[in-house]
*Asks:* 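Sharing a structure with you now.
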Amino acid sequence: MALHNPAVKVPMLEVCNCTKEFPGVRANQNIDFTLQAGEILAVLGENGAGKSTLMNIIYGLYKPTHGEIKVKGRRLQAQSPRDAIAAGIGMVHQRFQLILTMTVLENIVLGREPVKAGQLDITQAHQAILRLNRQYGWDINPHRLAGELPVGARQQVEIVKALYRNAEILILDEPTSVLTPQESDSLFAVLRQLAAQGTSVIFITHKLREVMTLAHRILVLRQGRVVGNTRPKQTSEVELAALMVGRAVSLTVSKEVITDPGNPVLELEHVHVMGTRGQLAVQDLSFTVNAGEIVGIAGIQGNGQTELVQTVTGLRHPCGGRILLAGRDIIRASPRQIAQRGGCSHVPEDRHEFGMVEQFTVAENLVLNHYNQAPCSRWTMLRPRQIKRHALALMQKFDIRTSGIEQDGGSLSDGNQQKMVVAREFNRDPRLLVVAQPTRGVDVGSIEFIHAQIVQLRNRGAAVLLASYEIDEIISLADRVIVMFEGRLIGQLSSAQADRNRLGLLMAGMPA
């Protein structure tokens with residue numbers, strides 16, 4: 001009879017021989033790993049590697065086809081996230097799960113409302129939130145509407161929501177994708193504090209710098225299998241990238257410094273733009289983008305970049321000022337006129353709303369903005385054979401991984417959806433490329449490819465307007481950087497002047 005050894009620590013979480021199959025697809029294959037109390041585990045993998053599927057199994061959104069999950073040695077039979085939460089598992093999704101018209105307090109207690117004498121006990125909830133505020137150095141107003149908060153504070157609310165539910169295992173999906181470097185550093189400090197107190201943390205990221213800085217241990221997935229289980233001291237960013245993709249990957253952008261860009265392609269003169277809530281989102285903005293130049297727009301989400309990009313591409317009209325594309329005023333032009341007559345390609349920030357039709361096939365999505373032009377159509381009739389040939393060529397060139405050109409675009413992984421949109425827009429040889437968050441949710445191999453394509457377009461003479469919340473992406477790609485804060489141009493730097501600290505301060509509205 002085996003004796004219990006109290007010196008042997010039971011893992012906080014065990015994933016045992018876990019496999020998940022969907023019709024025609026095996027997303028996870030025999031995955032095994034453990035997570036100890038107080039450990040920070042980074043999970044890496046290229047798009048479609050099975051990271052999100054695995055996290056959804058742990059969080060109770062999916063049931064494994066084979067295998068099991070254990071929490072503190074006990075089998076977790078989660079039928080829903082409610083069961084996972086009851087077992088001490090919390091998850092902060094990349095797309096925050098907040099109801100913006102509700103207060104912070106209402107969001108935090110939703111589904112677990114404290115009750116006293118049969119009535120909602122607001123005082124108890126308020127005190128619990130203030131206690132967590134003090135513990136982690138936050139300043140969250142429980143009675144403020146969630147929709148009024150900056151993005152960094154919304155993430156704090158999501159973490160407080162998990163901790164309020166007594167999460168002992170915290171899963172974070174791309175937690176720094178919309179944060180400044182300073183906000184990321186603050187988040188890392190909180191995660192280290194949580195780990196020191198015994199909370200176990202799993203975080204998914206594509207930022208290898210973060211992995212090497214924060215993680216105690218690193219799990220690498222490729223094609224649904226574990227291909228690496230290592231520690232930062234035992235590896236390097238280059239080795240991790242190769243493990244993820246299965247080949248050597250360059251982590252630096254190769255581009256020549258330009259000293260003499262071409263003529264102005266895009267010119268903004270004292271542009272004002274109203275936001276969706278009636279506020280002035282862009283204020284008195286003036287700048288140019290020249291042929292053969294990449295101009296990066298840096299700023300924390302919500303400082304007017306979205307409205308600016310939508311205005312340049314015709315999705316929104318300014319309430320003042322002028323916008324010239326190749327010398328022609330486009331302030332009242334439609335998106336189609338700007339795209340087809342002005343020679344503008346647009347990779348939108350929100351691909352689901354503006355970049356694709358989820359119910360359309362991959363082939364149809366790849367011709368969305370030129371289906372009415374040759375060779376895709378003739379005499380107002382679509383030409384399926386030419387559309388198919390076009391789709392197959394782009395799928396191969398941009399490594400869009402699908403089950404076939406007839407697969408619905410909405411059923412692709414996030415990274416392959418992004419590559420589908422990028423392929424359609426980059427392939428048009430544009431005069432102006434407006435690209436927002438080009439590598440959001442894509443793996444390091446795809447980032448390398450997309451960055452190289454942007455530089456190639458710039459080298460062929462295209463003017464590129466790049467909006468990104470990824471500060472390293474701005475620094476790597478931009479020839480010139482414009483920083484926006486509260487809708488205004490707060491700073492303009494050359495590529496030689498732009499560094500993480502200086503940009504981070506400007507993005508926070510402070511002088512650099």
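Note that the structure is a prediction, hence the values are computed from the model and not measured. The residues of the chain are indexed from 1 along the displayed sequence.
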*Asks:* State, without any angle test, whether Thr205 and Glu210 hold a side-chain donor-acceptor pair at a distance under 3.5 Å.
*Replies:*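 Thr205 vs Glu210: donor-acceptor pair found between side chains.
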
*Asks:* Taking everything shown except Asn263 itself, do over 12 heavy atoms lie less than 6.0 Å from its CG?
*Replies:*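 For Asn263, atom CG is not crowded (no more than 12 foreign heavy atoms under 6.0 Å).
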
*Asks:* So do Val483 and Met507 actually touch side chain to side chain, heavy atoms under 4.5 Å?
*Replies:*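 With C-beta onward as the side chain, the pair touches.
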
*Asks:* Would you check if Ile57 and Cys18 make a side-chain contact, meaning some heavy-atom pair closer than 4.5 Å?
*Replies:* yes

*Asks:* When you compare the side chains of Glu358 and His352, does any donor N or O come within less than 3.5 Å of an acceptor on the partner?
*Replies:* yes

*Asks:* Are side-chain heavy atoms of Met420 and Leu394 found at a separation under 4.5 Å?
*Replies:*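 The answer is no, as the side chains (C-beta and beyond) never meet within the 4.5 Å cut-off.
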
*Asks:* Side chains of Glu349 and Thr306 only: does a donor on one sit below 3.5 Å from an acceptor on the other?
*Replies:*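 Yes.
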
*Asks:* Is a donor from one side chain sitting under 3.5 angstrom from an acceptor on the other, for Glu473 and Thr439?
*Replies:* yes

*Asks:* Kindly determine whether Arg458 and Asp479 satisfy salt bridge (charged side-chain N to carboxylate O under 4.0 Å, His left out), including the steps that lead there.
*Replies:* CA-CA 10 Å; Arg458 170 259 219 181; Asp479 301 303; 2.8 Å; yes

*Asks:* Got a salt bridge between Glu174 and Lys207, using NZ or NE/NH1/NH2 to carboxylate O under 4.0 Å?
*Replies:*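 No, no charged N to carboxylate O under 4.0 Å.
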
*Asks:* Kindly indicate whether the side chain of Ile171, heavy atoms from C-beta on, has any atom under 4.5 Å from the side chain of Ile58.
*Replies:* yes

*Asks:* Let me see the working for Arg401 and Glu46 under salt bridge (charged side-chain N to carboxylate O under 4.0 Å, His left out), right down to the final yes or no.
*Replies:* CA-CA 12 Å; Arg401 301 182 185 182; Glu46 62 180 333; 3.5 Å; yes

*Asks:* Any ion pair linking Arg209 and Glu237 (charged N to carboxylate O, less than 4.0 Å)?
*Replies:* no

*Asks:* So that I know where these two stand, are Phe449 and Phe426 an aromatic pair - ring centroids less than 6.0 Å apart?
*Replies:* no

*Asks:* Other residues, nucleotides and ligands only: do more than 12 of their heavy atoms fall within 6.0 Å of CZ on Phe485?
*Replies:* yes

